[in-house]
Amino acid sequence: TLLGFIVTDLPIKTSVLQPLLSGAVNRSFNCISVDGDMSTNDTICMIANGAIDTTVIDENSPDFEKVKDQVTEFAKQLAQLVVRDGEGATKFVTVNVKNSAEFKDAKIIAETISNSMLVKSALYGQDANWGRILCAIGYSKLENLASLDESKINVSFVATDDSTPRELKLIVNGVPQFDIDETRASEILKLPDLEVLVDLGTGSEECQFWTCDLSHEYVTINGDYRS
Amino acid sequence: QSAAKSIDKYAQFVPKSGVFPKGYEVASLASGVKKNGALDLGIIRNINKSKKSSAAAVFTTNRFKAAPVQFSRKVLQSRSGEGIDAIVVNSGCANAVTGELGLQDAEKVAGQVNKLVGNSDSTLLMSTGVIGQRLQLEKITAGIDRLFEEKKFSTDFDGWLNLSKSICTTDTFPKLISSKFALSDGTEYTLTGMAKGAGMICPNMA
């Protein structure tokens with residue numbers, strides 16, 4: 001279950017707070033997955049008590065966009081901590097789907113990759129199994145193929161430390177790179193933080209999803225949760 | 001190996017200090033719901049009286065919404081998001097799939113806190129833990145009384161950290177972050193956030 005709250009001493013108009021929070025959650029807590037299961041209790045709430053003496057923030061305030069962005073970035077930080085603590089997780093993985101024709105398609109694809117048990121198992125085993133990533137993209141429940149053109153798709157692993165080359169291309173314009181540098185792939189997959197980059201090449205929308213690997217420990221923890 | 005990983009994550013991600021927004025107090029204790037005697041009940045309350053608070057929330061879109069979800073959504077709707085002064089969190093029992101009795105339990109907990117803070121319909125609830133079990137109401141109501149009678153509310157770092165621990169279940173570390181931000185006229189405000197979650201995580205809240 002995900003529970004959380006954000007509190008602030010800034011005065012924010014009640015009618016503005018709900019869309020502000022919903023927008024922040026759609027780019028943060030609604031973009032995380034540990035195991036693909038949705039709880040009966042998930043709740044994020046926010047209270048703004050106005051304890052500091054300043055003008056109430058509403059949609060016409062000069063600082064409205066700034067506050068909205070700050071709350072969104074703050075929510076992302078908090079959401080990412082949940083993924084870092086995913087049951088049994090040894091890796092924090094950013095799935096970045098960019099250059100999509102539609103945002104919703106980028107999100108569906110990012111979520112599908114993030115929920116694939118086979119992708120997550122491969123990440124745990126440090127196996128550069130790009131075929132599973134492509135497979136997950138292929139069965140994503142897209143309404144149509146406006147965002148997905150197999151001749152334009154690029155998939156890479158991206159290192160999150162300072163090592164180079166930072167990006168290891170696995171698929172270029174729909175063509176698998178059969179001669180990938182396995183040593184470099186192995187180095188990147190050993191990192192505790194890594195990124196899977198999917199460039200759809202069909203537009204300019206993007207979505208980031210955060211997930212973790214799936215380890216033996218997950219089953220140990222959940223095999224006897226109730227008893 | 002697993003323990004070693006937990007210790008590393010705790011050291012890496014749990015802050016040792018923080019800045020917290022004005023006008024809030026927090027308290028927590030071990031009510032006895034969790035079998036290991038760990039913190040399992042917490043309250044955050046708004047004590048600022050200069051303005052009515054604004055509140056908003058997003059909830060699970062799971063068809064089977066737990067009692068605290070149904071209850072809190074109703075409170076927010078009835079108050080139009082205004083004047084929410086407390087959030088009660090409990091861990092160990094999710095009060096989910098508990099039907100009418102679960103809703104009554106939720107109402108009792110919130111009603112007790114409403115009385116203690118002196119504001120009706122001003123309390124939201126969050127529960128986490130095992131699904132399909134009723135709240136151990138006696139332990140929770142006794143715990144709430146103790147928090148108020150023994151004046152356990154504080155504004156310091158330890159208070160906030162303990163509150164974030166009280167909502168943990170299989171979490172290996174509490175998730176607490178806080179930051180100061182500046183508006184364009186230089187006025188500073190603070191955001192503090194806490195979360196729990198380690199498994200059953202793929203939310204789609206609205």
Side-chain angles (χ1 to χ4, degrees), chain A residues 1-14 17-18 20-22 25 29-30 32-54 62-63 66 70-71 74-75 77-79 81-87 90 115 217-218 221-222 225-226, chain B residues 2 9 13 21-24 46 48 50-51 53-60 62 64-66 68-69 72 80-82 84 87 89 94 96-97 124 126-128 130-131 167 170-173 175 177 179 181 183-184 187 189-205:
Chain A
T1 295
L2 172 79
L3 297 182
F5 53 81
I6 296 171
V7 289
T8 182
D9 43 18
L10 191 64
I12 303 176
K13 194 176 168 188
T14 307
L17 191 64
Q18 184 64 56
L20 188 149
L21 177 67
S22 298
V25 166
F29 293 103
N30 279 354
I32 62 171
S33 176
V34 169
D35 49 20
D37 269 22
M38 185 199 294
S39 170
T40 51
N41 290 53
D42 293 335
T43 303
I44 297 290
C45 69
M46 182 168 179
I47 298 181
N49 71 356
I52 58 165
D53 188 19
T54 189
D63 282 317
K66 191 177 181 179
Q70 286 166 342
V71 171
F74 191 81
Q77 275 186 51
L78 202 52
L81 284 178
V82 174
V83 177
R84 290 188 181 281
D85 200 17
E87 285 167 345
T90 68
N115 282 335
E217 188 71 9
Y218 181 86
I221 292 167
N222 285 291
Y225 183 74
R226 185 177 178 277
Chain B
S2 147
K9 284 185 182 177
F13 300 117
K22 293 175 184 170
Y24 294 96
N46 166 37
N48 175 55
S50 68
K51 288 187 183 75
S53 71
S54 299
V58 288
F59 300 104
T60 182
N62 191 312
F64 299 113
K65 290 173 180 56
V69 169
S72 297
S80 304
E82 247 188 13
I84 300 300
I87 304 171
V89 299
V97 207
L124 303 182
M126 291 185 189
S127 300
T128 179
V130 179
I131 293 174
I167 60 172
T170 54
D171 306 57
T172 63
F173 64 89
K175 291 133 195 95
I177 57 172
S179 287
F181 298 92
L183 300 177
S184 38
T187 305
Y189 78 95
T190 305
L191 287 174
T192 291
M194 63 179 64
K196 68 81 49 182
M200 199 180 269
I201 299 289
C202 190
N204 181 24
M205 297 171 290

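Here the structure is a predicted model, which is why all the values come from computation and not from measurement. In the text below, chain A, chain B and the rest are named by the order of the sequence lines, each starting its count at 1. For the numbers below, each heavy atom of this structure counts, side chains included, while hydrogens, waters and symmetry mates do not.
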Does [X] reach the main-chain N or O of [Y] with its side chain, forming a donor-acceptor pair under 3.5 Å?
X	Y	result
A:Thr8	B:Thr190	yes
B:Tyr189	A:Gly50	no
A:Asp9	B:Lys22	yes
B:Thr60	A:Ser39	yes
B:Asn48	A:Asn49	yes
B:Lys9	A:Arg84	yes
A:Asp85	B:Thr172	yes

Among [options], single out the residue with the greatest number of heavy-atom pairs under 4.5 Å to chain A.
options	answer
B:Thr187, B:Leu183, B:Asn204	B:Leu183
B:Val130, B:Asn46, B:Val69, B:Val58	B:Val58
B:Lys175, B:Lys51, B:Glu82	B:Lys175
B:Ala198, B:Gly199, B:Ala66	B:Ala198
B:Ala56, B:Pro68, B:Gly197	B:Ala56

Quick one: of [options], who has the most non-hydrogen atom pairs under 4.5 Å with chain B?
options	answer
A:Leu2, A:Asn41, A:Ile6, A:Val82	A:Asn41
A:Gly36, A:Ser22, A:Pro11	A:Gly36
A:Gln77, A:Lys66, A:Gln70	A:Gln70
A:Met46, A:Lys13, A:Glu87	A:Glu87

So which part of [X] gets closer than 4.5 Å to some heavy atom of chain A, the side chain, the backbone, both or neither?
X	answer
B:Ile177	both
B:Ser127	both
B:Ser72	neither
B:Thr128	both

Handout entry: B:Leu191: which of A:Leu78, A:Val71, A:Leu10 passes side chain to side chain contact (heavy atoms under 4.5 Å, CB included)
Key = A:Val71
Please find the pair of heavy atoms, one from [X] and one from [Y], that lie closest to each other, and give the distance.
X	Y	result
B:Ser54	A:Thr14	OG-OG1, 3.0 Å
A:Cys45	B:Ala57	CB-CB, 3.6 Å
B:Tyr24	A:Ile47	OH-O, 3.1 Å
A:Asn30	B:Pro203	OD1-O, 3.5 Å
B:Met200	A:Met38	CG-C, 4.1 Å

Practice task
Assess whether side-chain contact (heavy atoms from CB on, under 4.5 Å) is satisfied between A:Asn115 and B:Cys202, documenting all intermediate values.
Solution key: CA-CA 8 Å; A:Asn115 282 335; B:Cys202 190; 3.7 Å; yes
Exercise for the section: Compute whether any side-chain donor of one residue and acceptor of the other, for B:Asn62 and A:Thr40, lie under 3.5 angstrom apart. Expected result: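 No pair is found: no donor N or O on one side chain lies under 3.5 Å from an acceptor on the other.
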Handout entry: Modelled atom types, side-chain donor and acceptor of B:Ser184 and A:Asp63, under 3.5 Å
Key = yes
Exercise for the section: Check whether A:Ile12 gets within reach of chain B through its side chain, its backbone, both or neither, counting any heavy atom under 4.5 Å. Expected result: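 For A:Ile12, backbone heavy atoms alone lie under 4.5 Å from chain B.
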Practice task
Sort A:Val7 into side chain, backbone, both or neither according to what part of it lies under 4.5 angstrom from a heavy atom of chain B.
Solution key: both
Exercise for the section: With rounding to the nearest 0.5 Å, note down the distance linking CG in B:Leu124 to OG1 in A:Thr43. Expected result: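 Going from the CG atom of B:Leu124 to the OG1 atom of A:Thr43 covers 9.0 Å.
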Handout entry: Distance, nearest 0.5 Å, that separates CE of B:Met205 from CZ of A:Phe29
Key =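 Going from CE on B:Met205 over to CZ on A:Phe29, the span is 6.5 Å.
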